[in-house]
Number of protein chains: 2
Amino acid sequence: MVATRERRRQETTDAILRSARTHLERAGVEGVTLRAVARDLDIAVSALYRYVDGRDDLLTELLVEAFTEHADAVDAAVDASLATDPDDLAAAVTAGLRAYRGWSVAHPAQFGLAFGAPVPGYHAPADRTVAVAVRPGSRIMGLFATAYERGLVDEDVVTARASTLDDGTAAGFDALAARQSYPLPAPAIALAVDAFVRVHGFTVMEVFGQLRPLVMPADAYYEALLREIVATLGLRA
Amino acid sequence: MVATRERRRQETTDAILRSARTHLERAGVEGVTLRAVARDLDIAVSALYRYVDGRDDLLTELLVEAFTEHADAVDAAVDASLATDPDDLAAAVTAGLRAYRGWSVAHPAQFGLAFGAPVPGYHAPADRTVAVAVRPGSRIMGLFATAYERGLVDEDVVTARASTLDDGTAAGFDALAARQSYPLPAPAIALAVDAFVRVHGFTVMEVFGQLRPLVMPADAYYEALLREIVATLGLRA
DNA sequence: CTGTTGTGTGAACAGTGTTCTCGTGCCCGC
DNA sequence: GCGGGCACGAGAACACTGTTCACACAACAG
C-alpha cells in the first residue's frame, strides 16, 4: 500500500504548517523557527528538511496561506451578500470590503506577513504569491465591472473622474483592463483603485497601530468610510 | 579637559549609528547586526555595549531617526511653501503631503522600519516614538486648523461630513482636538483624518509594492490624488 | 528476501545577541 | 605631576538561529 506513506507524509507536512502558523500568530515572523517546529513535532530539526526546503520555504507557505485565507474571507462575504440579493452589487462590494478589513484585524500576524514591510532577508517568490495576492482586488473589480455593465454606475461620477486623470495613468489603467479583460474604461478603473487604496490604507494603518492615536475604536469610522466609498464609486443599488 | 572623553564618546556613538543606518538601507532590518557594526568600526562586539543597550536599543535609535527625518522633510516642504506664499495654505498642505510620500519612497528601508509590520521580537518603546511619529500629522492638522480659522474651509464640506459621522467617533475626534488644542470641530477633524488615511495608505502601498500591479508609475496618480484631497478637504486658496 | 527509497538522528559549522571577566590606558582630582 | 579610579576595549563563553552532512533504520518494491 503506497497510500500509507503518502498519507503519513501529508500528515506531518500539515502538522509542520500548523505548528508554524501557531508560532506566527503568537510571536510574529521571528517566532516561526525550525527548532520550535521540530520541538512541537518531537522531531529532529534536520528531519524538517525532508518536508520543507528550509525556513524561507516555510515562510512562503505561510504567506500563500495568509493570502488565500484573506481572499477566501472576501469571497465568502461577497457570495453571501449575492446569495441574499444578487442584484444589490453595492451591498456585495460593501460586504467584500468589510470582510477585507475584518479578516485583517482578526489575523494581524498573517496580515503583517502578507502586507507589511518585506521580511528581512526573505524575498517572496513572485510566481507563488502574485496570483493569490491579487484575488481580493480582482473580485471587487469584477463586481464593479458587472455593475458598470448593468448601468448601475453613475456616468457623471465616471466622467468627473476622467477630468482628473492624466494620460499616462489612464494608459496604464487601460492596459490593466485589457490584461484582466475588465469591461471598464480607464476612469472607472481609477475609481476602483481609489477605493481600494482607501480600504487597504485604512486597514494597514489600523493593523499596524498608526490609526490608534487618531480614531478609536475604528469600527464605526470604517462603516462610514465604506458608505462614502460606495458613493464615491457612483454605485447605485 | 573633560570634553575630550565626551567628544570621543559622541564620535563613536555617531559612527555606530551611521554604520547601522548604512546596513539598514542596504540590507533591511535583518542587515543591521551588532557584529557587522563592530566590523565596520574595527571593534569588538562587546565594546558596542558601552554605547548601546543592545540591538533593540540600536533599532530604537534608527526608528526615531527615521521618524524625525520624515517629519523634518514634511516640515521643510511646508515651510518652503509658506515662505513663497504664506497665505496659500492649500499649497502648503499639498507640499507637505507631497513630501510625506517623497521621503518615504526615497527611504524605503527607514519607512518600512517606522511604518511596516512591527519588527518581530522587538517592541518600540512608546515613550520615545509616539511624540515624533505624530509630527507630520500634527503639522498638517495645524495647517488645516489655521485655514479653518481664516475661513478658508468650505463650510458646506464640513457640514456634509458631519452627516456621515457617528457620535462615538465624533466624541473621539473632539477629545483629540481638545488634547492637541486644535480649534476644529469633529467633522473637520474627520476630513483631515480621511485625507491622512488616503495619503498614508497610498504611500504604504507604493513603498511595500502592493501598488505596482495596479498603477505604475505612481507620480501622476499621486499628484491627482493630492488635488482631490485638497478639494475634499474643502480648502480654498 | 534483497535492495532501493523514504525517513529520522545527531553532530557539526557558521551565524546571531548577550553577558561575563579581565586588562589597559586615559582623564581628573588632589 | 602623579597616582587612583573609571571608562573603554578584548576575548571567551552561552544560548540561540538556519543549514548540511554522514549515518542508521524502517518500509516498501521487485
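Please read these numbers as outputs of a predicted model, since none were measured by experiment. Here is how names work: the chains are called A, B, and so on, in the same order as the sequence lines, proteins then strands, and each is numbered from 1.
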- Item | Which residues share a salt bridge (charged side-chain N to carboxylate O under 4.0 Å, His left out) with A/Arg135, sequence neighbours left out |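 Applying salt bridge (charged side-chain N to carboxylate O under 4.0 Å, His left out) to A/Arg135 gives A/Asp72, A/Asp75.
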
With sequence neighbours excluded, residues passing ring-ring contact (aromatic ring centres under 6.0 Å, His included) with [X]:
X	result
B/Phe144	none
A/His23	none
B/Tyr222	B/Phe202

Protein-nucleotide distance ([X], atom [atom1]; [N], atom [atom2]), rounded to Å:
X	N	atom1	atom2	result
A/Tyr51	C/dG6	OH	C1'	8 Å
A/Arg50	D/dA26	CZ	C1'	13 Å
B/Arg8	C/dG25	CZ	C1'	11 Å
A/Gln10	C/dT7	CD	P	11 Å
B/Ile43	D/dA7	CD1	C1'	13 Å
A/Leu41	C/dT7	CG	P	14 Å
A/Glu6	D/dC28	CD	C1'	12 Å
B/Asp42	D/dA10	CG	C1'	13 Å

- Task: Spell out protein contact along nucleotides 11-19 of chain D as letters: B when the base is contacted, S when just the sugar-phosphate is, - when no protein heavy atom is under 4.0 Å; keep the 5' to 3' order.
- Result: B-B---BBB

- Query: Run the salt bridge (Lys or Arg N to Asp or Glu O under 4.0 Å) check on A/Arg198 and A/Glu228 step by step: do they pass?
  - Reply: CA-CA 11 Å; A/Arg198 296 184 76 170; A/Glu228 205 212 315; 3.4 Å; yes

- Message: Show every ring pair (Phe, Tyr, Trp, His ring centres under 6.0 Å) that has at least one partner inside residues 40-78 of chain A, sequence neighbours left out.
- Response: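 Residue pairs with at least one partner in residues 40-78 of chain A: A/Phe67-A/Phe115, A/His70-A/Tyr100, A/His70-A/Trp103, A/His70-A/Phe115.
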
- Query: With respect to the phosphate group of C/dT7, does any side-chain polar atom (N or O) of A/Arg9 fall under 4.0 Å of OP1 or OP2?
  - Reply: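 Yes, A/Arg9 has a side-chain N/O under 4.0 Å of OP1/OP2 on C/dT7.
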
